[in-house]
Amino acid sequence: MMTLYGYWRSTAAYRVRIALNLKGISAEHVSVHLVKDGGQQHMADYVAKNPAHLVPSLELEDGIVLTQSLAIIDYLEAVQPDPALLPSDPIARAKVLAAAHVVAMDIHPVNNLRVVAHLADEFGADADAKRQWMCHWMAKGFTALEQMVERDTKFAFGDTPSLADICIVAQYYNARRWGLDLTAYPRLTEIEETCLALPAFAAAKPEAQPDAQS
């Protein structure tokens, strides 16, 4: 069985959990606490698996370790193509990828835990300044996404969930955590509601994980 190293609050790990569930792929879940013990992602045995000191990591049955959530999901898509998370049509595929990348490449890198910690340690950012930072970058990304997704479909692009839906739902969790006002994004909120009604999404929610903390 595969082993997924993650953390309940990690939106990147959340993405992979959703993809695994949608594809019906079983994996043992091992918690890597991003705060306890100075951050377990920095421990030597874990860094040997993931030199970037990040979660998630997916260890395959033969011991090969894959890192980076979108790369892991791409692997899952290759070995278990059904249900597809990316359309076969090149234009449709590019649109789904573009939406997913707004989250994974525009929003998430500057909303990462280590970035917020650096803002506090090096620039004296207090709790309110950190919240404003997080919400600023999420708002920019969500404003674009609200226009990018399709209007008359069940999910972000079409009538089945895609990589775009996975990324949006995971980032929405972070948005709610940091108190971003989501009223300007009715279509994204509708997509989140539709997705979370599916067992594959609901079971992947951070608060449903064994290592979740109140």
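These numbers come from the heavy atoms of this one structure, side chains and all, not from hydrogens, waters or symmetry mates.
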*To the nearest 0.5 Å, tell me how far I107 CD1 sits from I168 CD1.*
9.0 Å
*With a 4.5 Å heavy-atom cut-off, do L60 and V65 have their side chains touching?*
no
*Hey, does R17 have a side-chain heavy atom less than 4.5 Å from the side chain of L4?*
yes
*Measure centre to centre between the rings of Y185 and Y172, then say whether the value is under 6.0 Å.*
no
*asked:* side-chain contact (heavy atoms from CB on, under 4.5 Å), that's the test. Do E192 and Q171 meet it? Break it down for me.
replied: CA-CA 10 Å; E192 181 206 33; Q171 193 62 46; over 6 Å; no
*Determine, step by step, whether K49 and T67 satisfy the side-chain contact (heavy atoms from CB on, under 4.5 Å) criterion, reporting the C-alpha distance in whole Å, the side-chain angles of both residues, the deciding distance to 0.1 Å, and the verdict.*
CA-CA 9 Å; K49 299 180 185 294; T67 63; over 6 Å; no
*Do any N or O atoms from the side chain of N112 and from the backbone of V115 form a donor-acceptor pair under 3.5 angstrom?*
no
*What's the verdict on side-chain contact (heavy atoms from CB on, under 4.5 Å) for N174 and Y14, showing C-alpha distance, side-chain angles and the deciding distance?*
CA-CA 11 Å; N174 213 35; Y14 188 2; over 6 Å; no
*Decide yes or no for L22 and P161: does some side-chain heavy atom of the first lie under 4.5 Å from some side-chain heavy atom of the second?*
yes
*For residues I72 and P56, determine if any side-chain heavy atom of one lies less than 4.5 Å from a side-chain heavy atom of the other.*
yes
*Looking at E207 and R9, does any basic side-chain N land under 4.0 Å from a carboxylate oxygen?*
no
*Under 3.5 Å, is there a donor-acceptor pair between the side chain of Y7 and the main chain of A212?*
no
*Do you know which two heavy atoms are closest between S162 and V96, and how far apart they sit?*
OG-CG1, 3.7 Å
*Are the side chain of Q209 and the backbone N or O of A203 linked by a donor-acceptor pair below 3.5 Å?*
yes
_Does any part of the side chain of H33, heavy atoms only, come nearer than 4.5 Å to the side chain of D211, both counted from C-beta?_
no
*Any L145 side-chain heavy atom under 4.5 Å of V103 side chain*: yes
*Ignoring hydrogens and geometry, is there a side-chain-to-backbone donor-acceptor pair from W178 to Y173 under 3.5 Å?*
no
*Search all heavy atoms of P206 against all heavy atoms of W8 and return the closest pair with its distance.*
CB-O, 3.1 Å
_Side-chain heavy atoms nearer than 4.5 Å, only ILVMFWY residues, links allowed to pass through others: does that put L54 and V110 together?_
no
_Heavy-atom closest contact (A170 atom, R15 atom, distance)_ = CB-CG, 3.9 Å
*Going from CZ on F123 to NE2 on H118, what distance comes out if it is rounded to the nearest 0.5 angstrom?*
4.5 Å
*Could you tell me whether R151 and E146 have a side-chain N and a carboxylate O separated by less than 4.0 Å?*
yes
*Could you tell me whether a side-chain N or O of Q147 sits under 3.5 Å from a main-chain N or O of T143, the two making a donor and an acceptor?*
no
_In the structure I gave you, are the side-chain heavy atoms of E59 and M2 within less than 4.5 Å of one another anywhere?_
no
*Is V35 reachable from V30 through a run of hydrophobic residues whose side-chain heavy atoms are each under 4.5 Å from the next?*
yes
*asked:* Return the CG to NE2 distance between N50 and H42, rounded to the nearest 0.5 Å.
replied: 11.5 Å
*Under a single-linkage definition using a 4.5 Å side-chain heavy-atom cutoff for Ile, Leu, Val, Met, Phe, Trp and Tyr, are I64 and L76 assigned to the same hydrophobic cluster?*
yes
*Minimum heavy-atom distance between R131 and G179, given as atom pair plus value*: NH1-O, 4.2 Å
*Group every Ile, Leu, Val, Met, Phe, Trp and Tyr by side-chain heavy-atom contacts under 4.5 Å, then state whether F201 and L20 land in the same group.*
yes
*Tell me whether V32 is reachable from M1 by hopping between hydrophobic residues (I, L, V, M, F, W, Y) whose side-chain heavy atoms are closer than 4.5 Å.*
no
*Check: E77 side chain, L86 main-chain N or O, donor-acceptor pair, under 3.5 Å*: yes
*CD-CD1 distance between Q68 and I73, expressed to the nearest 0.5 angstrom*: 11.0 Å
_Nearest-0.5 Å distance, SG of residue C167 to CG of residue L163_ = 4.5 Å
*Is the count of non-hydrogen atoms from other residues, nucleotides or ligands lying under 6.0 Å from Q132 atom CD greater than 12?*
yes
*asked:* Regarding Q40 and H53, do their side chains bring together a donor and an acceptor under 3.5 Å, going by distance alone?
replied: no
*Cut-off 3.5 Å, side chains only: do S31 and Y5 have a donor facing an acceptor?*
no
*Would you indicate whether E150, at its atom CD, is surrounded by more than 12 heavy atoms from other residues, nucleotides or ligands within a distance under 6.0 Å?*
yes
*If you take all heavy atoms of D159 and K154, which pair is closest and at what distance?*
OD1-N, 3.2 Å
_side-chain contact (heavy atoms from CB on, under 4.5 Å) between V116 and N111, worked out_ = CA-CA 7 Å; V116 175; N111 270 197; over 6 Å; no
*Sequence neighbours left out, what passes side chain to side chain donor-acceptor pair (under 3.5 Å) with T153? Give chain and number order.*
R187
*Does some side-chain heavy atom of L198 sit less than 4.5 Å from a side-chain heavy atom of F155?*
yes
*Kindly check if the number of other-residue, nucleotide or ligand heavy atoms within 6.0 Å of CG (D62) is above 12?*
yes
*Flag if over 12 foreign heavy atoms under 6.0 Å of NZ, K23*: yes
*State, to 0.1 Å, how close V169 and C195 come at their nearest heavy-atom pair, and which atoms those are.*
CG2-CB, 3.6 Å
*Separation between CZ of F157 and CG of D165, rounded to the nearest 0.5 Å*: 8.5 Å
